[in-house]
Q: 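First, the structure itself, so that you have it in front of you.
For clarity, every value in this text was computed on a predicted model and none was experimentally measured. What's counted below: heavy atoms across the whole structure, side chains too, no hydrogens, waters or symmetry copies.
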Amino acid sequence: TLSETGMGSGMTEDGGLIMEDIMPGDKRYKEAKVDNVGNDAYVRAKVIVTSSSAGVMNTFVDGNADNDLQMLNFQNQPYSVDWERVVLEDGTVGYQTIYYYENDATGDLFKNEPLADTLEAIAKGGIEEFYTGELAQKMVDGLQANGSLMAMEDLATYTVAEREPIRTEYYGYEVVTVPPPSNGGDWLLEMLNIMEEKDISQYDPSTLEYQYIFNEACRIGLVDSYTYIGDPAFYDLPVEEMISDEFAAERAALIDMDNMQAMESVPLSDLPVTKLEPTAEESQHTTHIAVIDQYGNIVSTTNTLGNGWGCKFMAPGLGFFYNSHIGNLDHENPDSPDYVMPGKRVRSTISPSLVLQDGNPIMAVGSPGSLAIPPAVATIINNVLLYGMNVQQAINEPRAMAINRSGMDSPARVSIEQPRFDPDLVAQMEGIGYEMKDVGEYNMAVGGIAAIYLDRDNGIFYAGADPRRGYKALAY
């Protein structure tokens, strides 16, 4: 059902574009101030109503299309059902989308019929329909018509890679998570190993010592994961070394508890990365789900489009958006393990994880949020395992994480739910070199956790859902 965003005149509070009442055939320009990108900016929206009776309108955003699309807050425009690239007579390039806007109100049923047809085709035709059938041809035709290089061969030769998860011991528990090409899993495990090396459990999360260890470990894990991780079909990656206790001890030595000071930059290590000859076999938005059944089987899974609305291109007539993860590949440095190549699987920070005790799963945890994912998951693991919180308490606790990637590691900027932290602690963190980025009280910028905990001794399941993303916990 539709949410209470509606269509009216003016702008939403966070910069989303709201159209005025327009009659069929009316063509005009509307200046819209957009302030949800941190600076005052202006975009020009040309509104063309093509069918009043059907409740459909087309919106064309001109100028710098990529920037304009980033500026518009599409989370406040949930009516989009189609999208296409448009070139005007003067050569201006933009994008045209379709919104239902007339007679829609809170509680009305919104139907994405093209997506229903797509799902029905997959249900009837199976995997062949998606990769080699009529549906595959429609996808390729739609992409090529809008400038893509995708070909039928690309879909037909795609295979699923099944890889062993990676794992580490953490304060007597086993944490299991996703391997490369995700760089979120090794970042998470390296971060946990460094925190245990510094024995973070002796400090309360409200102390400067805890925040110093946590955030420096986060910065080290971020830098290492972006330095060494790519598609393992193309490179022999040093993952085992990165998640080893020996490497954690080496990197933890950068965290000086006697002279607490945020590093100006995180020094690189010298782990080897060897390029391989790929085999033929290996030719945001983000959502996490944690599920447990009555037998104690646990699943932790993360699905992502990358950026909000993915690459902001909807498959014509098919009802879904394509992801934006080509942007995660390195397009400049051919020596990078993540350099763009044909057939390469893209890097992502997703970190769906399981926690085991004595070989049995007791927790499933994960998050959306790009760079916020590994530290958000680490926060929940700490809160539950080290500080005895129930899973919902662990999720609700305020978060602070050093996830600035401007120049990879400098300045030492911390995204923090600052109004929920003791001002004295914030001042202490600033005093040792951290730059605060206040994201507000409960903000998805620091992740959106979905987690399940199983108390095996008492046979009780606990589920936790992050209010930062409007998540819900359900049992049936």
Side-chain angles (χ1 to χ4, degrees), residues 165-178 184-207 209-218 220-221 243-245 248-249 252 255 288 290-292 296-300 302 350-367 369 372-401 446-466 468 471 473:
I166 55 177
R167 59 192 70 212
T168 195
E169 295 290 327
Y170 187 59
Y171 283 99
Y173 298 88
E174 185 176 23
V175 180
V176 183
T177 191
V178 64
D186 66 274
W187 174 358
L188 171 65
L189 298 190
E190 182 183 351
M191 185 177 174
L192 294 177
N193 289 338
I194 291 172
M195 289 192 293
E196 185 170 14
E197 177 69 24
K198 306 302 290 188
D199 193 13
I200 197 171
S201 66
Q202 65 183 301
Y203 305 110
D204 188 86
S206 63
T207 63
E209 289 82 0
Y210 177 95
Q211 293 298 329
Y212 174 58
I213 295 172
F214 184 92
N215 284 294
E216 293 302 279
C218 182
I220 294 168
I243 62 175
S244 68
D245 292 339
I255 304 174
H288 185 82
V291 182
I292 187 170
N297 298 305
I298 297 181
V299 173
S300 182
T302 307
I350 61 171
S351 307
S353 302
L354 298 175
V355 177
L356 281 64
Q357 185 177 33
D358 300 325
N360 297 309
I362 60 168
M363 186 161 66
V365 59
S367 175
I373 295 174
V377 172
T379 297
I380 288 3
I381 290 175
N382 280 353
N383 288 348
V384 173
L385 303 186
L386 306 186
Y387 303 107
M389 300 181 195
N390 70 48
V391 70
Q392 191 62 57
Q393 287 176 312
I395 290 170
N396 290 348
E397 283 291 293
R399 294 179 202 151
M401 53 186 67
V446 290
I449 293 288
I452 288 173
Y453 182 82
L454 171 57
D455 179 350
R456 289 187 173 272
D457 293 335
N458 297 300
I460 301 174
F461 300 165
Y462 296 89
D466 206 321
R468 296 167 181 85
Y471 278 2

Q: Using every non-hydrogen atom in the two residues, find where A463 and V391 come nearest and quote the distance to one decimal.
A: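 Result for this residue pair: C-CG1, 3.7 Å.
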Q: How long is the straight-line distance from CD1 of I200 back to CG of L192, given to the nearest 0.5 Å?
A: 9.5 Å
Q: Indicate the atoms forming the closest heavy-atom contact of S201 with L386, along with that distance.
A: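 The answer is CB-CD1, 4.1 Å.
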Q: Pair Y170, N382 - check side chain to side chain contact (heavy atoms under 4.5 Å, CB included), show working.
A: CA-CA 10 Å; Y170 187 59; N382 280 353; 2.6 Å; yes
Q: Before giving the answer on side chain to side chain contact (heavy atoms under 4.5 Å, CB included), spell out for V175 and R167 the whole-Å C-alpha distance, their side-chain angles and the decisive distance to 0.1 Å.
A: CA-CA 5 Å; V175 180; R167 59 192 70 212; over 6 Å; no
Q: Between Y173 and D358, is there a side-chain donor-acceptor contact under 3.5 Å, judged purely by atom types and distance?
A: no
Q: Please report the C-alpha distance between T177 and L189 in whole Å, then the side-chain angles of each, then the deciding distance to 0.1 Å, and finally whether the side chain to side chain contact (heavy atoms under 4.5 Å, CB included) criterion is met.
A: CA-CA 8 Å; T177 191; L189 298 190; 3.7 Å; yes
Q: I need the I449 CD1 to R399 CZ distance, nearest 0.5 Å.
A: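 Between I449 CD1 and R399 CZ, I get 5.0 Å after rounding to 0.5 Å.
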Q: Checking N193 against E190 for the side chain to side chain donor-acceptor pair (under 3.5 Å) test, could you report, in this order, the C-alpha distance in whole Å, the side-chain angles of both residues, the deciding distance, and whether it holds?
A: CA-CA 5 Å; N193 289 338; E190 182 183 351; over 6 Å; no
Q: How are the rings of Y210 and Y387 set relative to one another: parallel (under 30°), tilted (30 to 60°) or perpendicular (over 60°)?
A: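 Ring orientation, 0 to 90° scale: perpendicular.
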Q: Restricting to non-hydrogen atoms, name the atom on A378 and the atom on F214 that form the minimum distance, rounded to 0.1 Å.
A: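 Of all heavy-atom pairs spanning A378 and F214, the closest is CB-CE1, 4.2 Å.
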Q: For V384 and A394, work out which heavy atoms get closest and say how close.
A: CG2-CB, 3.6 Å
Q: Decide whether N396 and Q392 meet the rule of one side-chain donor and one side-chain acceptor closer than 3.5 Å.
A: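 Yes, because at least one side-chain N or O of N396 sits under 3.5 Å from a partner of the opposite role on Q392.
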Q: Nearest 0.5 angstrom please: D245 CG to E196 CD, how far?
A: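 Those atoms lie 7.5 Å apart.
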Q: For the residue pair N383 and P205, what are the closest heavy atoms and their distance?
A: OD1-CG, 4.4 Å
Q: For the residue pair D199 / Y171, report whether a side-chain donor-acceptor contact shorter than 3.5 Å exists.
A: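 Judged by distance alone, the side chains do pair up.
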Q: Can you tell me how far the CD1 atom of I298 sits from the OH atom of Y453, to the nearest 0.5 Å?
A: 10.0 Å
Q: Could you check if a side-chain atom of M363 sits within less than 4.5 angstrom of a side-chain atom of L454, using non-hydrogen atoms only?
A: no
Q: Between I213 and I194, is there a side-chain heavy-atom distance shorter than 4.5 Å?
A: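 Not touching, per the 4.5 Å side-chain cut-off.
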Q: Any idea which heavy atoms bring E197 and A248 closest together, and the distance?
A: CG-O, 4.3 Å
Q: Please round to the nearest 0.5 Å and tell me the distance separating atom CD1 of I373 and atom CE of M401.
A: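 Result: 10.5 Å between the selected atoms.
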Q: Atom OG of S367 and atom CZ of R468: how far apart are they, to the nearest 0.5 Å?
A: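 Spacing of OG (S367) from CZ (R468) equals 9.0 Å.
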